[in-house]
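Heavy atoms only: backbone and side chains are in, while hydrogens, waters and symmetry mates are out.
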Amino acid sequence: MLAHAEALLTSTPEGRTDYLDEDLRNVDTILEQAERILDFSEPVALMLLGVVIFIEDDDEASGIVRRLMDRLPAGSHLVLSHTITRPDMPDVDAAVAFWNEHGTPKLTQRTPADVAGFFNGLELLEPGIVSCNRWRLDDGESGLPAEVAMFGGVGRKA
């Protein structure tokens, strides 16, 4: 994956791009590497899309997100999506259970309320924590699309 990313990522001084192949648990390393390319005196976006699901322990997952956001300046944003579990989506629960029995790495589902917890202390942007396919719908869409089991949101650090 790293070789593919390096082949695709070309940039200019005005819009530098980089790729980091690192375990999310290594917060200090991630931040040190990010500071080589990002100006942490200006707001940045932390995008954790479908990655926190690989951290099984709830406290550890929350701690990782908090530590990352703590180092970012005011005005920065957290964009996070996460697989959820809900009683009305038993097929998703069954699929995740099957994966965890036969595949790696293990996946962790959380409730929508648990996902909202990652945004504690941040200003949650509208429409809040919702099914990803319902985030910022076009005005012209008729009716809501069916929910998917990936919920997400965007929060701003004051």
(request) State whether the side chain of Ser76 and the backbone N or O of Val44 hold a donor-acceptor pair below 3.5 Å, judged by distance alone. (result) yes
(request) Could you check Ile129, Leu125, Leu80 and say which one makes a side chain to side chain contact (heavy atoms under 4.5 Å, CB included) with Val154? (result) Leu125
(request) Please report the closest heavy-atom contact between Trp135 and Gly152, naming both atoms and the distance. (result) CD1-O, 3.9 Å
(message) On a heavy-atom basis, which atom in Thr83 and which in Ile53 lie closest, and how many Å separate them?
(response) N-CG2, 3.5 Å
(message) Keeping Arg136 on the side-chain end and Glu126 on the backbone end, is there a donor-acceptor pair under 3.5 Å?
(response) yes
(message) Is it true that Asp114 and Thr111 share a donor-acceptor pair across their side chains at a distance under 3.5 Å?
(response) yes
(request) Quick one: pull up CG in Asn120 and CG in Leu124 and give me the separation to the nearest 0.5 Å. (result) 10.0 Å
(request) Answer yes or no: is there an ion pair linking Asp93 with Arg86, defined by an N-O contact shorter than 4.0 Å? (result) no
(message) Counting C-beta onward and ignoring hydrogens, is there a side-chain heavy-atom pair between Thr108 and Phe54 closer than 4.5 Å?
(response) no
(request) Could you tell me which non-hydrogen atom of Leu24 sits nearest to which non-hydrogen atom of Leu68, and how far apart they are? (result) CD1-CD1, 4.1 Å
(message) Could you tell me if the side chain of Leu107 sits less than 4.5 Å from the side chain of Asn100, heavy atoms only?
(response) yes
(request) Return yes if some donor-acceptor pair links the side-chain N/O of His77 with the main-chain N/O of Gly75 below 3.5 Å, else return no. (result) yes
(request) Provide the closest heavy-atom pair for Pro90 versus Pro87 in the form atom of the first, atom of the second, distance. (result) CD-O, 3.4 Å
(request) Could you walk me through whether Leu46 and Val79 pass the side-chain contact (heavy atoms from CB on, under 4.5 Å) test, one step at a time? (result) CA-CA 6 Å; Leu46 172 61; Val79 183; over 6 Å; no
(request) Kindly work out whether a path of hydrophobic side-chain contacts (I/L/V/M/F/W/Y, heavy atoms less than 4.5 Å apart) joins Leu20 to Met47. (result) no
(request) Taking all heavy atoms of Pro112 and all of Thr85, pick out the closest pair and write down the distance. (result) CD-O, 4.0 Å
(request) Say whether, by atom type as modelled, one donor and one acceptor occur between the side chain of Trp99 and the main chain of Ala94 under 3.5 angstrom. (result) no
(message) With rounding to the nearest 0.5 angstrom, report the CZ to CG distance, Arg67 to Leu72.
(response) 12.5 Å
(request) Compute whether any side-chain donor of one residue and acceptor of the other, for Arg110 and His82, lie under 3.5 angstrom apart. (result) yes
(request) Flag the pair Arg71 and Glu35 as a salt bridge only when some basic side-chain nitrogen lies within less than 4.0 angstrom of an acidic carboxylate oxygen. (result) yes
(message) Quick one: does any side-chain atom of Gln109 pair with a main-chain N or O of Ile84 as donor and acceptor, under 3.5 Å?
(response) yes
(message) Please tell me whether Phe40 and Ile30 are part of a single hydrophobic cluster in this structure, the criterion being side-chain heavy atoms less than 4.5 Å apart.
(response) yes
(message) What's the separation between atom CG in Leu122 and atom CZ in Arg66, rounded to the nearest 0.5 Å?
(response) 11.5 Å
(message) With a 3.5 Å distance limit and no angle check, can you tell me whether Asn26 reaches the backbone of Thr29 through a side-chain donor-acceptor pair?
(response) no
(request) Determine, for Glu56 against Lys106, whether the closest basic-nitrogen to carboxylate-oxygen distance falls under 4.0 angstrom. (result) no
(message) I'd like to know if the side chain of Lys157 reaches the main chain of Asp70, judged simply by a donor and an acceptor atom lying under 3.5 Å from each other, with no hydrogens or angles considered.
(response) yes
(message) Looking at every non-hydrogen atom in both residues, tell me the closest pair between Ser81 and Gly50 and how far apart they are.
(response) OG-N, 3.0 Å
(message) If hydrophobic clusters are built from ILVMFWY residues whose side chains come within less than 4.5 Å, do Ile55 and Val51 share one?
(response) yes
(request) Please answer: with hydrophobic residues joined when any side-chain heavy atoms are less than 4.5 Å apart, are Val130 and Phe119 in the same cluster? (result) no
(message) If hydrophobic clusters are built from ILVMFWY residues whose side chains come within less than 4.5 Å, do Val96 and Met150 share one?
(response) no
(message) Between Asn133 and Glu147, do the side chains contain a donor N or O and an acceptor N or O under 3.5 Å apart?
(response) no
